[in-house]
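First up is the structure itself, then whatever we jot down about it.
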Protein chains: 2
Amino acid sequence: MRDVAKLAGVSHQTVSRVLNEHPNVRQETRARVLEAMESLDYRRNLAARTLVTRQSHTLGIIGFETTLFGPASMLYGIEDAARTAGYLVSIATFRNLEPRPVLEAVDRLRQHAVDGIIAIAPKHAVTDALEQAPAGLSCVAVGGAGGTDGVPTVRVDNAAGARLATRHLLDLGHRTVHHVAGPADWPEAQERVTGWRDTLVAAGAEVPPIIPESWNAETGYVQGQSLARDPAVTAVFCANDRIALGVLRALHEAGRRVPEDVSVVGFDDMPDSGYFLPPLTTVHQDFAELGRLSLALLLEHMAGPESPAHVLVTPELVVRASTAAPAAGRRRT
Amino acid sequence: MRDVAKLAGVSHQTVSRVLNEHPNVRQETRARVLEAMESLDYRRNLAARTLVTRQSHTLGIIGFETTLFGPASMLYGIEDAARTAGYLVSIATFRNLEPRPVLEAVDRLRQHAVDGIIAIAPKHAVTDALEQAPAGLSCVAVGGAGGTDGVPTVRVDNAAGARLATRHLLDLGHRTVHHVAGPADWPEAQERVTGWRDTLVAAGAEVPPIIPESWNAETGYVQGQSLARDPAVTAVFCANDRIALGVLRALHEAGRRVPEDVSVVGFDDMPDSGYFLPPLTTVHQDFAELGRLSLALLLEHMAGPESPAHVLVTPELVVRASTAAPAAGRRRT
DNA sequence: TTCAGGAGTGTTACCGTTCCCAATCCCGGC
DNA sequence: GCCGGGATTGGGAACGGTAACACTCCTGAA
């Protein structure tokens, strides 16, 4: 900067003013400084700037299982929005959901003086930990548990999505809808269970038992084998598309046709679920958009923390080929 | 820091020495300082440290399509390894593969004074751009094009993987192997084509034409429909698992059984490809490990730039249920 | 006994910005 | 012609660390 000032024949302070677009700089001076910066290929030292302003222009993201499609897409959406807002994003992941690793991740980001934090926070443990985070540091949680007042959240209305799916199946004429649930300790999985159960109860349908396990295809496959053995099962709502994939395989191997014998609905609308066998009817959620929204909320919160707002996004049902009315014979049974 | 020094009754310099684990500090003094730091909940200001040492303890990652399973997993592996090495990672993605956006991403990271950069660089454009990056900044490219001397790379031997897959099918007794290729401008796709073609040529088998398109299931579905119409097709090697998913659907809809009528092999071994219909035989690559290796290589390069090493990882074939010997009748044709 | 040399500590300068305040210039109004 | 006040600019002093060097002990060898 010193060199720029010398070359332009002004003080370092004036150079700083040009950089920060201070209004009180004569047009001519500004031009001279800009030219000098150009010719010296000058770039400001962010560390020095951070030191004095206490703003790093960096945002932190803490996340869990960021290799899954959902979190990865949110990350993408966040980074996209952050870039246009002039921020760089740093990531800190943790391996398990004890409070300590979460707080350590927050701490790592704080050390690096991030201006705010977005937590891809599928579980209560994370938001709980976040509430213990020091005041003065803006935090937003995205995609998971709601109901934490202290931290603004952006999330999908999982219950509404589950209602959509369940109602779709009931409307097709199914007596009831079975559910392969996600892991019990994930709020998203719980909310989907709730939406499903409420819809069945409201319709006066029987509520079959569930066995919460995990999010992956294996769970779907194992539980799908039991469901396939039960001729009363004509409709299955799966907690996500991967589970649905496993269920489809189990049904197929048991010789039960989809959708003729059994209808299947997923959740998430992963990129290729339209190419499952058969193409999967599922509940679509736009993860990247969720990420963008969370960033907007964070910036808002950083500007004026008076708004502990919560954003709720409603998902949509995408009907493809895995659902149909139950077979006439069976419907009568 | 001043406060800590005062509380411990030493100079700020001694506090600094304790922080940096300088050997020449008396045990007793160190204890006193540590205690003071503890009681004041002191944490060093990384910006100030960066300002003077010119080391930010931050690593940059530039990436493209980070929402895909492969890149997301590499990111995960990198972050994991970076954390244990005491680095934070910042990400900068770009939307298209022109040199400019790539260089802009690099520039953003430079502004933030990253100590090194890992490029999740599937295409030549990226590594080319990287070579234009300023000297003095260590770069490593992972998972994509090789053959760039200037930049150390970590990548999977795609040709070897393709040979594995093709040879597996030939060994089962198939006359030749058809291929649904990935996009032509991705080196990984090209290498897989090469490995496939070389194996066929070496075996004296006919080399069917290919139509490079994209990585997604739709491509597999569309091209799979053509392949399904051709009774001479008994074995298909797909450039990745998603394409394979589309091919499986097309074959199924055309009434051709897998593996009885047609064998299918994928590439990547995505989490759920073991639950496709039928479970997919595929070439496994460990993306997270790739990420970890690239980080190790970067640290090495940062320590002493005399080693422009390249690391090549050999993938493995995972045989599941989508491949079998061709039907007897057809084999004789 | 003297002195070289290393351990332990403090003093000062500096990293590259921004902030605060003062200084100068220029303009219009009286 | 004098003066108040905004526009424009410059001169330090931070910000919170680390590096370089100097200084004081203390030890052991000559």
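Only a predicted model underlies this, so the values are computations on that prediction, with no experimental measurement involved. Chain naming here is simple, since letters A, B, ... match the order of the sequence lines and numbering starts at 1 in each.
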Passes side chain to side chain donor-acceptor pair (under 3.5 Å), Ser294(B) versus Arg292(B)? Steps please.
CA-CA 5 Å; Ser294(B) 68; Arg292(B) 279 183 215 105; over 6 Å; no
Can you name the atoms? Protein N/O to nucleotides 16-20 of chain D N/O, anything below 3.5 Å, with the distance.
from: dG16(D); atom 1: OP1; to: Arg54(A); atom 2: NH2; distance (Å): 2.4
from: dG17(D); atom 1: OP1; to: Tyr42(B); atom 2: OH; distance (Å): 3.1
from: dG17(D); atom 1: OP1; to: Asn45(B); atom 2: N; distance (Å): 3.1
from: dG17(D); atom 1: O5'; to: Tyr42(B); atom 2: OH; distance (Å): 3.2
from: dG17(D); atom 1: O5'; to: Asn45(B); atom 2: N; distance (Å): 3.4
from: dT18(D); atom 1: OP1; to: Asn20(B); atom 2: OD1; distance (Å): 3.3
from: dT18(D); atom 1: OP1; to: Asn20(B); atom 2: ND2; distance (Å): 3.1
from: dT18(D); atom 1: OP1; to: Arg49(B); atom 2: NH1; distance (Å): 3.2
from: dT18(D); atom 1: OP2; to: Ser16(B); atom 2: OG; distance (Å): 2.4
from: dA19(D); atom 1: N6; to: Gln13(B); atom 2: OE1; distance (Å): 3.2

Test side-chain contact (heavy atoms from CB on, under 4.5 Å) applied to Leu34(B) and Val18(B), step by step:
CA-CA 8 Å; Leu34(B) 287 174; Val18(B) 170; 3.8 Å; yes
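- For the 3.5 Å distance criterion, the side chains of Thr93(B) and Thr66(B) fail to qualify, holding no donor opposite an acceptor.
- The neighbour count for Glu35(B) CD, taken as heavy atoms of other residues, nucleotides or ligands under 6.0 Å away, does not exceed 12.
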Take Glu191(B) and Arg155(B), measure what salt bridge (charged side-chain N to carboxylate O under 4.0 Å, His left out) needs, and give me the verdict at the end.
CA-CA 12 Å; Glu191(B) 291 174 13; Arg155(B) 58 196 201 85; 3.1 Å; yes
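- The end-to-end axis angle of the helix from dT1(C)-dA30(D) to dC30(C)-dG1(D), rounded to 10 degrees and based on five pairs per end, is 50°.
- Aromatic ring centres of Phe69(A) and Phe69(B): separated by at least 6.0 Å.
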Under the side-chain contact (heavy atoms from CB on, under 4.5 Å) rule, what do Gln285(A) and Asp268(A) come out as? Steps first, then yes or no, please.
CA-CA 6 Å; Gln285(A) 49 178 331; Asp268(A) 280 356; 2.7 Å; yes
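- Summarising the geometry, the separation between CD on Gln27(B) and P on dA7(C) is reported as 15 Å, rounded to the nearest angstrom.
- Rounded to an integer number of Å, the gap from Asn24(A) CG to dC26(C) C1' is 14 Å.
- Checked for salt-bridge contact, Asp115(A) and Arg54(A) miss the test: no charged N lies under 4.0 Å from a carboxylate O.
- Thr50(A) comes within contact range of no nucleotide atom at all, as no heavy-atom separation falls under 4.0 Å.
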